[in-house]
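Below is one structure, written out as structure tokens; the observations come after it.
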Amino acid sequence: MSHYPIFADLNRRAVLLAGAGQVAERKAESLLHAGAALRVVAAELNPRFQGWLQQGRIEWLGKDFQTAFLNDVFLVVAATDDEALNRRIFQAAEKQGKLCNTVDNQALCSFIVPAVIDRSPIQIAVSSGGASPVLARLWRQKIETLIPAYTGKMAALAGAWRTRVKAGIKGLSNRRRFWEQLFASRFDTLVAQGNEAAAEAEFARQLAGYRPQQGEVVLVGAGPGDAGLLTLHALQAMQAADVVLYDALVSDEILALVRKDADKISVGKRAGAHHVQQEETNRLLLHYAQQGKRVVRLKGGDPFVFGRGGEEAQALAAAEVPFRIVPGITAALGATAYAGIPLTHRDYAQTALFITGHCRPDGDGLQWQTLARGKQTLVIYMGTVKAGEIAAQLMAHGRAADTPVAVVSNGTLAKQSVQIGRLADLAAMAERAPRPALMIIGEVVALRDELRWFSEGLIETAVKAA
């Protein structure tokens, strides 16, 4: 983010505008609408400026810019057709620590003006950071059609009741839920119809009858990394959450979509203490839900595919805490698709098996004879550390040493990398693979070159057979 978004209160604050032509007129109009005390310096005033001057809405400082004009102003806007003058104004503003916007010259701007959807007091700003103002305006036009004209009136009514809501409903989470329910109720319809008296009556009825709701937990699959692979239900849960407990494999791009004021808590696994860590995660889920909060357990991939979502759901069920599951695209589906490797193909594989390289110490061993069969695809999670052992066991039980294999690192992300080789080379490939990585073993890997479509950010290493 190259610019920090901010809405400035210009009411009765002095703003200097250099220029009084057509472009400056548009700037003046929005500044006056915001309540600015507008001071203008320009060689001459166009008819619109002359009208504002006669009405006492602007102050004309004269024809020539003077540095002293900057002394007590809040903002500066340079909108003349003289580039040298605009530069001089900007440089003077910089020396005095005044924010300055120079029209159509990003290099001479310490602040930029976004395209705005105005439903006062609701305002939505769209900005390209000065890179493409026309594109920002096009998006403003598209968003404009989505925001009802009565939105501002609804916000104004809500503002008038805000103190009473704060006094009547204790707890930030409870108040947030009340507002969400109100705006999605008949109150919205009544405001849209222009029936403000009925809308206020409905507001009073809902406030008097509000009761705090029980907390809940949503186990959400965040997918393999690309934020575009989130489901609609996943995004909605993330935007509604009061608390988000997230794994180490959840990408920064996805975390950025969590509601900004939600509490975000990392519960990534700690090496050597997985069992204790899982118990602590279960405890936190119960703790926050029992406080009446909406909790999201955000897990890389899918909660029920090597994600311990089943264990967490069991803990919630035992404590009688309401929960629901939002499936996600597991790495075996996402990473292989982005690598151009189909899991099944009628000419190459009729079976796909998902396997974890981390088994419980007291668990049953893998059925190597079954896994070593041909014409099937093996997708191995968390197996790079044991890649040598896995390859040796598969070959010992009949899998050919030249069986195609792939190691996909950072699947679906811009930095995705793919290594292609043979089963005999799997240990060496896994050793140099960036983590996290997924191993794919099977004839379908041979289709990679033909079906490759996603451009990896790293150089691919192909390990050739000796």
Side-chain angles (χ1 to χ4, degrees), residues 224-225 249 300-302 305-306 329-359 365-413 415-466:
L249 293 181
D302 180 273
V305 180
F306 304 129
I329 294 177
T330 187
L333 302 179
T336 56
Y338 275 54
I341 301 171
L343 290 176
T344 62
H345 188 289
R346 64 180 180 175
D347 296 330
Y348 294 90
Q350 290 75 48
T351 306
L353 302 180
F354 298 174
I355 307 161
T356 175
H358 287 177
C359 296
L366 294 173
Q367 301 298 312
W368 292 109
Q369 192 163 352
T370 300
L371 297 179
R373 292 173 182 167
K375 294 289 186 177
Q376 70 179 359
T377 306
L378 305 181
V379 183
I380 305 175
Y381 291 70
M382 300 169 286
T384 53
V385 173
K386 295 184 178 181
E389 177 186 341
I390 292 169
Q393 288 284 5
L394 290 173
M395 289 187 290
H397 287 81
R399 203 67 152 115
D402 62 353
T403 300
V405 299
V407 179
V408 182
S409 299
N410 298 303
T412 76
L413 298 175
K415 58 183 177 180
Q416 172 179 297
S417 65
V418 181
Q419 297 182 67
I420 301 296
R422 60 181 191 171
L423 184 57
D425 303 312
L426 185 60
M429 295 166 62
E431 178 68 25
R432 60 173 165 266
R435 310 292 170 82
L438 194 74
M439 301 190 302
I440 304 102
I441 300 170
E443 290 79 1
V444 290
V445 175
L447 295 170
R448 153 75 174 175
D449 287 341
E450 182 182 351
L451 302 182
R452 177 176 179 173
W453 63 273
F454 183 70
S455 298
E456 280 85 27
L458 300 178
I459 298 174
E460 177 180 311
T461 302
V463 181
K464 302 297 184 182

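- Between Thr336 and Pro342, the closest side-chain pair of non-hydrogen atoms is not below 4.5 Å.
- Residues passing the side-chain contact (heavy atoms from CB on, under 4.5 Å) test with Ala430 are Thr384, Ala387, Met439, sequence neighbours excluded.
- One finds the CD atom of Gln393 at 11.0 Å from the NZ atom of Lys386 (value rounded to the nearest 0.5 Å).
- Minimum interatomic distance between Ala335 and Leu438 (heavy atoms only, all atoms of both residues): CB-CD2, 4.0 Å.
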May I have the list of side-chain donor-acceptor pairs in residues 440-447 shorter than 3.5 Å, sequence neighbours left out?
residue : atom : partner : partner atom : Å
Glu443  : OE2  : Arg399  : NH1          : 3.1

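- For Ala433, the side-chain contact (heavy atoms from CB on, under 4.5 Å) partners are Val407, Ser409, Gln419, Ala437, not counting sequence neighbours.
- The backbone N or O of Ile420 lies less than 3.5 Å from no partner atom in the side chain of Arg448, so there is not a single donor-acceptor pair.
- Taking a 6.0 Å sphere around CD of Gln350, one finds it holds more than 12 heavy atoms contributed by other residues, nucleotides or ligands.
- Across every non-hydrogen atom of Gly340 and Leu451, the tightest pair is O-CB, 3.4 Å.
- Residue Val418 comes nearest to Gln416 through the heavy atom pair CG2-NE2, 3.8 Å, listed as atom of the first residue, atom of the second, then distance.
- Considering only heavy atoms from C-beta on, Tyr381 comes within 4.5 Å of Val305 through its side chain.
- Between Ala349 and Gln376, the shortest heavy-atom contact is CB-CA, 4.0 Å.
- Residue Ala337 comes nearest to Trp453 through the heavy atom pair O-NE1, 2.7 Å, listed as atom of the first residue, atom of the second, then distance.
- Put simply, CG on Leu333 and OG1 on Thr412 are 11.5 Å apart, with the number rounded to the nearest 0.5 Å.
- Scored by the side-chain contact (heavy atoms from CB on, under 4.5 Å) test, Leu249 finds Pro436 as partners (sequence neighbours excluded).
- Taking Thr377 as the reference, nothing meets the side chain to side chain donor-acceptor pair (under 3.5 Å) condition, with sequence neighbours excluded.
- Sparse packing is recorded around OH of Tyr348, with 12 or fewer heavy atoms of other residues, nucleotides or ligands lying under 6.0 Å away.
- Counting heavy atoms from C-beta outward, Leu423 and Met395 have side chains that approach closer than 4.5 Å.
- Residues that satisfy the side-chain contact (heavy atoms from CB on, under 4.5 Å) test with Ala400, not counting sequence neighbours, are Asp402, Thr403.
- The distance from atom CD1 of Ile355 to atom CE of Met382, rounded to the nearest 0.5 Å, is 11.5 Å.
- When each of Ile390, Leu394, Val405 is tested with Leu378 by the rule side chain to side chain contact (heavy atoms under 4.5 Å, CB included), just one qualifies, namely Leu394.
- Side-chain contact between Thr330 and Pro224 is absent, with no heavy-atom pair separated by less than 4.5 Å.
- The nearest pair of heavy atoms linking Leu413 to Phe454 is O-CE2, 3.4 Å.
- Here Leu366 contributes atom CG and Glu389 contributes atom CD; the two are 8.5 Å apart, rounded to the nearest 0.5 Å.
- Going from atom NE2 of His345 over to atom NZ of Lys375 covers 10.0 Å, rounded to the nearest 0.5 Å.
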